[in-house]
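Presented below is the structure to which this report refers.
Naming convention: chains lettered A, B, ... in sequence-line order (proteins, then strands); numbering from 1 in each chain.
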Amino acid sequence: MSTEITTAPVTTIATLGQHEGQTITLRGWLYNLRSSGKLLFPTFRDGSGTIQGIVPKAAVSEEVFETLKNLTLESSVVVTGKVRADSRAPSGFELDVENVTVTQRIADETPYPISLKEHGVDFLMEHRHLWLRTPRQSAILRVRATIMRAAAEYFDTNGFIRTDPPILTPNACEGTSELFEMDYFDDDKAYLTQSGQLYIEATALALGKVYSFGPTFRAEKSKTRRHLTEFWMIEPEVTYLDLDGLMGLAEGFLTHIVTRVLETHRADLKVIGKEVSRLEAVAAPGEFPRLSYDEAHQMLVEAHAKGLIENAHTYGDDFGSPDETYISNQFDKPVMVHRYPAEVKAFYMQPDPNDPTKALCVDVLAPEGYGEIIGGSQRVDSYDLLKSRIEQHNLPLAAFQWYLDLRKYGSVPHSGFGMGIERAVAWICGLEHVRETIPFARTLNRIYP
RNA sequence: UCCUGAGUAGCUCAAUGGCAGAGCAUUCGGCUGUUAACCGAAGGGUUGUAGGUUCGAGUCCUACCUCAGGAGCCA
């Protein structure tokens, strides 16, 4: 082992292919170590990928060989070696190791807890801070970053202004979900936001096309693969936009995100195990199917008659999780279900002028049974109607005075939607559970680490 | 909140009511092309907690704790 700082150029594993035949330096960790007598096969990772090194005893100093031979997994190292193409390597390249400097060697008495074998969910979540280092989890976080960037990029390049709403709010935005409550100085209570929608309706009336992007919180005791208590939501709000225009916006938005992921993350999707053809079908030319609530209901009735779904859907009720799964499985692209019964939807949704019992709203259901990833609507723009809706829902009128002002002073038709980032990541990556889509998931039974 | 299931070595899991085991990880030894390498050896246990039944409980009963899956609600 050398204590000198190497003079070879530092590079990353992801770009090793550009340095074939050159001696380079990697800064990373020992991911795995196999040996065959006088031949060592250390695999290194550096956050961009993994690469197998080759260390024949005769090719390096006794010190380097012994250091690597006795190195513990996940110890941090700086490795110098020559990049060589090899058909036996999964990435096509191997590293002929010349020198190694150990930054920190993990002690024998405290081996790295996460092995390359299988682990249970509870153990992995308890060690999430270390689980993040595994190739699959790192790949998911890279795709997440691209999804978030592409989502913001779509609005930024289409004339939207980002206006982020407050995290601390004085009341329930929609008067429904359970909220996280806290003391706000003297006598007041504050709540963590569950949606920025009402606030960006205000900024939309100031700026025209706006969006917000930030964390939201739900204290619901939901315990499923689709729920987190803290999740990220991106929400556009646009003036003079009707429901049809909103569906077009959602379509362009999702297509852009999927296209961006396909452009730069094919290798990551392979590590994750996602079938890329399913995403290519979404990005391909062609509109997303649009289904009215009535049409979707009819589809479920027929499916039940054929014995394809267990429970009959009652007209007028919202769709359950198995219903959404069935509907989305009928299409290759995300399906947009619109005009639900107003009774099962939020108070701020505009009634359909052709049928006032329906709301001008849309749920976008992701393919492959991932359920609702986007929910949106045209908003009530009449002062009197909104006021009576607030009263009907037994919401405190005083708290919504500012929201009513938006209908008193230059009200216009406007629409918006919200997309849960984690559900989008789960769908695009093909994950079983949203807890893997965010660095540190907050769920009903877990707030550590 | 309701329904269902699971807690045994650091990890993943075995064990008819009758001596608490294996693989991986760790340590030691062997192997010049391994791909979660392989071969040999060693160390490693208050079977989630508290009671109960029994000659005898990881196993049966009761309560509790923790976690998971689903429902409802939602993105």
Check: A:Asp108 or A:Glu94: which one's nearest nucleotide on RNA chain B is closer to the 5' end?
Finding: A:Asp108

Check: Say you pick atom P in B:G23 and the same atom in B:C65; how far apart are they, in whole Å?
Finding: 38 Å

Note to self: Out of the candidates A:Arg339, A:Lys345, A:Arg290, only one should pair with A:Asp363 under the salt bridge (Lys or Arg N to Asp or Glu O under 4.0 Å) rule; please name it.
What the structure shows: A:Lys345

Next item on the list: For A:Gly371, answer base if it contacts any base atom (sugar-phosphate contacts may also be present), sugar-phosphate if it contacts only those atoms, and nothing otherwise; contact means non-hydrogen atoms under 4.0 Å.
Entry: nothing

Note to self: Is it true that A:Ser76 and A:Thr103 share a donor-acceptor pair across their side chains at a distance under 3.5 Å?
What the structure shows: no

Next item on the list: Remember a base hit wins even if backbone is also touched, and classify A:Met233 as base, sugar-phosphate or nothing at under 4.0 Å, heavy atoms.
Entry: sugar-phosphate

Notebook entry, point to check: Counting any heavy atom closer than 4.0 Å, what does A:Gln52 reach on the DNA or RNA strands: base, sugar-phosphate only, or nothing?
Noted result: base

Next item on the list: Could you check A:Arg225 against A:Glu432 for salt bridge (charged side-chain N to carboxylate O under 4.0 Å, His left out), going step by step and ending with a plain yes or no?
Entry: CA-CA 7 Å; A:Arg225 66 185 67 187; A:Glu432 278 295 305; 3.1 Å; yes

Checklist line | Nearest-Å distance for atom pair CG/P, residues A:Leu444 and B:G69 | finding: 11 Å

Margin query: Just the rounded figure in Å: distance from C1' of B:C73 to CZ of A:Arg225.
Written below: 17 Å

Check: From the list B:G69, B:C67, B:U32, which nucleotide is the closest neighbour of the side chain of A:Ala58?
Finding: B:U32

Item checked: Polar contact flag, side-chain donor to acceptor under 3.5 angstrom, A:Glu436-A:Gln137 -> yes

Next item on the list: Give the nucleotide from the list B:G33, B:C24, B:U26 with an atom nearest to the side chain of A:Leu73.
Entry: B:U26

Note to self: Could you check whether A:Gln378 and A:His414, counting side-chain N and O atoms only, form a donor-acceptor pair closer than 3.5 Å?
What the structure shows: no

Next item on the list: Considering only atom C1', compute the distance from B:G44 to B:G52 and round it to an integer number of Å.
Entry: 32 Å

Check: Of the candidate nucleotides B:C31, B:A75, B:C11, which contains the atom at the shortest distance from the side chain of A:Phe231?
Finding: B:A75

Next item on the list: Determine whether any donor atom in the side chain of A:Arg34 lies under 3.5 Å from an acceptor atom in the base of B:C31, or the reverse, and answer yes or no.
Entry: no

Check: How long is the line joining CZ of A:Arg442 and P of B:A75, in whole Å?
Finding: 22 Å

Next item on the list: Answer yes or no: does a side-chain N or O of A:Thr72 lie under 4.0 Å from OP1 or OP2 of B:U26?
Entry: no

Next item on the list: Quote, to the nearest angstrom, the C1' distance that separates B:G33 from B:A75.
Entry: 50 Å

Margin query: What is the separation between atom CZ on A:Arg218 and atom C1' on B:C73, rounded to the nearest whole Å?
Written below: 10 Å

Next item on the list: Check every atom of B:A71, B:C73, B:U12 against the side chain of A:Ser222 and return the nucleotide holding the closest atom.
Entry: B:C73

Checklist line | Candidate nucleotides B:G33, B:C74, B:G10, ranked by approach to the side chain of A:Arg88 - the nearest | finding: B:G33

Check: For B:U26, what is the paired nucleotide under Watson-Crick or G-U wobble rules, both distances under 3.5 Å?
Finding: B:A42

Margin query: Rounding to an integer number of angstrom, what distance separates B:U66 and B:U49 when you compare their C1' atoms?
Written below: 10 Å

Next item on the list: Take atom C1' in B:C24 and the same atom in B:C39, then report the distance between them in whole Å.
Entry: 15 Å

Check: Using purine N1 to pyrimidine N3 plus N6-O4 or O6-N4 for Watson-Crick, or N1-O2 and O6-N3 for G-U wobble, each under 3.5 Å, what pairs with B:G5?
Finding: B:C67

Next item on the list: Would you mind telling me which of B:U34, B:A71, B:U32 lies closest to the side-chain atoms of A:Ser36?
Entry: B:U32

Item checked: C1'-based separation of B:G45 from B:A36 [nearest Å] -> 26 Å

Item checked: Whole-Å gap separating P (B:A75) and CD1 (A:Ile234) -> 16 Å

Margin query: Both A:Gly418 and A:Gly320 contact RNA chain B. Taking the nearest nucleotide for each, which residue is further toward the 5' end?
Written below: A:Gly320

Check: Is there a stack between A:Phe41 and B:G33, judged by ring centres under 5.5 Å and planes under 30°?
Finding: no

Notebook entry, point to check: Do the charged groups of A:Glu368 and A:Lys274 touch, with an N to O distance under 4.0 Å?
Noted result: yes

Notebook entry, point to check: Which part of the nucleic acid, if any, lies within contact of A:Ser35, taking any heavy atom under 4.0 Å across all strands shown: a base, the sugar-phosphate backbone alone, or nothing?
Noted result: base

Notebook entry, point to check: Taking the side chain of A:Lys221 as heavy atoms from C-beta outward, which of B:U27, B:U1, B:C11 is closest to it?
Noted result: B:U1

Check: NA contact type, A:Arg84, heavy-atom cut-off 4.0 Å: base, sugar-phosphate, or nothing?
Finding: base

Next item on the list: Round to the nearest Å and state the distance from A:Asp86 atom CG to B:U35 atom P.
Entry: 14 Å

Next item on the list: Would you kindly give the CZ-to-P distance between A:Phe123 and B:C11, to the nearest whole Å?
Entry: 6 Å

Note to self: Just to be sure I understand the rule, does A:Glu118 reach a base, reach only the sugar-phosphate, or reach nothing, if contact means heavy atoms closer than 4.0 Å?
What the structure shows: base

Check: Does a side chain donor of either A:Thr259 or A:His256 reach within less than 3.5 Å of an acceptor in the other side chain?
Finding: no

Next item on the list: Have a look at A:His433 and say if it touches a base, only the backbone sugar-phosphate, or nothing, with a 4.0 Å heavy-atom cut-off.
Entry: sugar-phosphate

Next item on the list: Answer with base, sugar-phosphate or nothing: what part of the nucleic acid does A:Ile421 contact at a heavy-atom distance below 4.0 Å?
Entry: nothing

Note to self: I'd like the P distance from B:G10 over to B:U46, given in whole Å.
What the structure shows: 8 Å

Next item on the list: Whole angstrom is fine here: how far is it from NE2 in A:His227 over to C1' in B:G72?
Entry: 9 Å

Notebook entry, point to check: Which whole number of Å gives the distance between the P atom of B:G58 and that of B:C74?
Noted result: 48 Å

Next item on the list: Could you check whether A:Leu40 gets within reach of a base, just the sugar-phosphate, or nothing at all, counting any heavy atom under 4.0 Å?
Entry: nothing

Next item on the list: Side chain of A:Arg435 only, please: which of B:U12, B:G69, B:C73 is the nearest?
Entry: B:G69

Next item on the list: Kindly say if A:Asn445 contacts the phosphate of B:U66, meaning a side-chain N or O under 4.0 Å from OP1 or OP2.
Entry: no

Checklist line | Nucleotide forming a Watson-Crick or wobble pair with B:C74, both distances under 3.5 Å | finding: none

Notebook entry, point to check: With a 4.5 Å limit on heavy-atom distance, are the side chains of A:Arg133 and A:Tyr31 in contact?
Noted result: no

Notebook entry, point to check: Which part of the nucleic acid, if any, lies within contact of A:Lys223, taking any heavy atom under 4.0 Å across all strands shown: a base, the sugar-phosphate backbone alone, or nothing?
Noted result: base

Next item on the list: With a 3.5 angstrom cut-off on both distances, give the Watson-Crick or G-U wobble partner of B:U32, or none if there isn't one.
Entry: none

Next item on the list: Inspect the contact between A:Arg435 and A:Glu422 and indicate whether a charged nitrogen and a carboxylate oxygen are less than 4.0 angstrom apart.
Entry: no

Next item on the list: Check whether the side chain of A:Ser115 and the base of B:C11 form a donor-acceptor pair under 3.5 Å.
Entry: no

Note to self: Nearest to the A:His119 side chain among B:U34, B:U12, B:G69, which nucleotide is it?
What the structure shows: B:U12

Check: Given that both distances must come in under 3.5 Å, which nucleotide forms a Watson-Crick or G-U wobble pair with B:C55?
Finding: B:G18

Next item on the list: Check A:Val362, A:Leu360, A:Val238 against A:Leu246 for a side chain to side chain contact (heavy atoms under 4.5 Å, CB included) and give me the one that passes.
Entry: A:Val362

